[in-house]
Amino acid sequence: MTQAPVNVTVTGAAGQIGYALLFRIASGQLLGPDTPVKLRLLEIPQAVKAAEGTALELEDCAFPLLAGTDIFDDAKRAFEGTNIALLVGARPRTKGMERADLLEANGGIFKPQGEAINAGAADDVRVLVVGNPANTNALIAQSHAPDVPAERFTAMTRLDHNRAVAQLSKKLNAPVSEIRKLTIWGNHSASQYPDIFHAEVGGRNAAEAVNDEKWLAEEFIPRVAKRGAEIIEARGASSAASAANAAIDHIHTWVNGTAEGDWTSMAVPSDGSYGVPEGLISSFPVVCKGGKYEIVQGLEINEFSRGRIDASVAELTEEREAVKKLGLI
Ligand SMILES: NC(=O)c1ccc[n+]([C@@H]2O[C@H](COP(=O)([O-])OP(=O)(O)OC[C@H]3O[C@@H](n4cnc5c(N)ncnc54)[C@H](O)[C@@H]3O)[C@@H](O)[C@H]2O)c1
Ligand SMILES: O=C(O)C[C@H](O)C(=O)O
């Protein structure tokens, strides 16, 4: 180990996703086989003991790249010097809770975390919000970190992207490795729009290869958009290993780049591209290079896609209005 360790803060470290995520980070899958990492775990006080248990297990793996694990119940300390911040811990919706209550409860988590990132994170900090409602939680955190470049705050739609790739691969009986340029637009919610009109399968346009608009509208799009609910119904708990896998993919791609001739999906602050109001954290097709991402420009958006993108963006706009009203941004 010659390189200084990269500080990776994970919130909600004692949760399901945390358990699926931490061992993969420590084994080098987040940043590659040459980059040592130091884990900084943030939990609520009641869950610190469980996080300590996970830290013992991490130690028992004797990962050559793991330079240490520290546990905190204080956001200010957890984000000190952090280079990569994975914001997983969130307040889940419980019975009888209205959407405004959910946004307010999460505001109580993501506002202080944004402030802590602003106060103490490293200059190169990159933030991925996984905890739901991920796009709006990212917006809350970002608005409390005025000294951090806004584009460093992102939310996760890579799980939706991977789900869409898998469903398309099944439909066309094509290997996932042959599928490129698929896009998730909008919110990480049932309103998201998985778009195959620019996607390619083995070099051929995916929508043409499918040639079945009924399947697209009635099976593919709802299947991908409601996959989270399908998993909850089947497992009795929300997706964990696949969500952790997508978080690893999101950061790995951001840091190491997209493959030549491909792109990925990330929810990032809009610069007004494709008519998405500036500042909304919305999913776009992005190319990553040299540790930075750029929204893919110039794609033609057909009528089928336009209505669906607009609907998801309208939901994000409503969420932004709601958190504004609550004084959270
Ligand atoms: N974006 C996506 O694609 C995606 C996919 C799956 C799950 N999720 C979301 O990820 C979140 C976590 O899922 P999970 O299954 O790990 O949940 P979980 O309930 O198993 O774990 C959440 C953990 O967060 C902790 N936590 C709560 N408040 C905290 C705070 N203020 N600071 C630090 N930690 C805190 C809890 O103590 C708990 O250990 C949920 O909001 C879930 O809906 C998002
Ligand atoms: O936790 C959820 O509500 C579902 C999750 O966001 C998922 O897409 O699996």
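Order of listing sets the numbers, starting from 1, for every ligand and every atom in it. Please read all numbers here as calculations on a predicted model, not as lab measurements.
Of the possible donor and acceptor atoms, one in the side chain of N7 sits under 3.5 Å from a partner among the backbone N and O of G81.
The shortest contact between atom 30 (C) of ligand 1 and any protein heavy atom is with I44 CG2, 3.7 Å. Here the protein heavy atom with the shortest distance to atom 2 (C) of ligand 2 is N132 ND2, 3.6 Å. What sits closest to atom 17 (O) of ligand 1 on the protein, heavy atoms only, is Q16 N, 4.5 Å. When hydrogens are left out, the protein atom nearest atom 11 (C) of ligand 1 is V88 O, 3.2 Å; that is the closest non-hydrogen contact. Considering only non-hydrogen protein atoms, atom 44 (C) of ligand 1 sits nearest to V130 O, 2.9 Å. Ranking protein heavy atoms by distance to atom 41 (O) of ligand 1, first place goes to N132 N, 3.0 Å. For atom 10 (O) of ligand 1, the nearest non-hydrogen atom of the protein is I17 CD1, 3.5 Å. Here the protein heavy atom with the shortest distance to atom 6 (O) of ligand 2 is H188 NE2, 2.6 Å. With hydrogens left out, the protein atom closest to atom 22 (C) of ligand 1 is G15 CA, 4.2 Å, a heavy atom.
For residues 247-277, the set of pairs meeting the ring-ring contact (aromatic ring centres under 6.0 Å, His included) definition, not counting sequence neighbours, comprises W185-Y274, H250-W254, W254-Y293.
Within the 4.0 Å heavy-atom shell around ligand 1 one finds Q113. Contact analysis leaves I231 out of contact with ligand 2, as no non-hydrogen atom separation drops below 4.0 angstrom. For A14, the heavy-atom gap to ligand 1 drops under 4.0 angstrom.
For R77, the CZ atom is loosely surrounded, since the number of other residues' heavy atoms within 6.0 Å does not exceed 12. Annotation: D147, atom CG; neighbour count of heavy atoms from other residues, nucleotides and ligands within 6.0 Å is above 12. In this structure, E294 places its CD atom where only 12 or fewer heavy-atom neighbours from other residues, nucleotides or ligands lie under 6.0 Å away. In E303, the CD atom is not crowded: 12 or fewer heavy atoms of neighbouring residues, nucleotides or ligands sit closer than 6.0 Å. Annotation: E59, atom CD; neighbour count of heavy atoms from other residues, nucleotides and ligands within 6.0 Å does not exceed 12.
Looking at heavy atoms from C-beta onward, Q29 lies out of side-chain contact with I25 at the 4.5 angstrom threshold. When side chains are defined from C-beta on, H161 does not count as touching M266, because their heavy atoms never get closer than 4.5 Å. At a threshold of 4.5 Å between non-hydrogen side-chain atoms, the residues R126 and V255 count as touching.
Using a 4.0 Å cut-off to heavy atoms of A243, the atoms of ligand 1 that qualify are 5 (C), 6 (C). Counting atoms of ligand 2 from 1 in the listed order, those under 4.0 Å from a heavy atom of G228 are 7 (C), 8 (O), 9 (O). Heavy-atom contacts of S239 reach the following atoms of ligand 2: 7 (C), 9 (O) (cutoff under 4.0 Å). Within the listing of ligand 1, atoms 23 (C), 24 (O), 25 (C), 33 (C), 34 (N) sit less than 4.0 angstrom from a heavy atom of G12. Under a 4.0 Å criterion applied to the non-hydrogen atoms of S238, ligand 1 contributes the atoms 15 (O). Under a 4.0 Å criterion applied to the non-hydrogen atoms of S239, ligand 1 contributes the atoms 5 (C), 6 (C). Close approach of ligand 1 to A90 is summarised as follows: ligand atoms under 4.0 Å from at least one heavy atom of the residue are 41 (O). Counting the atoms of ligand 2 from 1 in the order shown, those under 4.0 Å from a heavy atom of R163 are 7 (C), 8 (O), 9 (O). For ligand 1 and L42, the ligand atoms under 4.0 Å from any heavy atom of the residue are 33 (C), 34 (N). Within ligand 1, the atoms closer than 4.0 Å to a non-hydrogen atom of L159 are 3 (O), 5 (C), numbered from 1 in the order shown.
Ligand 1 has no N or O atom lying under 3.5 Å from any N or O atom of D160, backbone or side chain. Checking only distances, H188 does come within under 3.5 Å of ligand 1, N or O to N or O. Checked against a 3.5 angstrom limit, the closest N/O atoms of I109 and ligand 1 fall outside it.
For atom 32 (N) of ligand 1, a protein non-hydrogen atom is found at a distance below 4.0 Å. Under the 4.0 Å distance rule, the nearest protein heavy atom to atom 15 (O) of ligand 1 falls inside the cut-off.
Side chain to side chain, T253 and R158 meet the donor-acceptor criterion of an N or O pair below 3.5 Å.
Across I71 and A55, no two heavy atoms sit closer than the pair CD1-CB, 3.8 Å. Residues D262 and I179 share a closest heavy-atom pair of OD2-O, 4.4 Å.
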Worked verdict on T154 versus I281 for side-chain contact (heavy atoms from CB on, under 4.5 Å): CA-CA 7 Å; T154 67; I281 299 193; 6.0 Å; no

Give the intermediate values and the outcome of ring pair (Phe, Tyr, Trp, His ring centres under 6.0 Å) for residues F79 and F72. CA-CA 10 Å; F79 289 111; F72 305 93; 9.4 Å; no

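Of the listed options R91, E43, R163, E43 places a heavy atom closest to atom 38 (C) of ligand 1.
Of the candidates I117, V268, L139, I140, I117 is the only one forming a side chain to side chain contact (heavy atoms under 4.5 Å, CB included) with F153.
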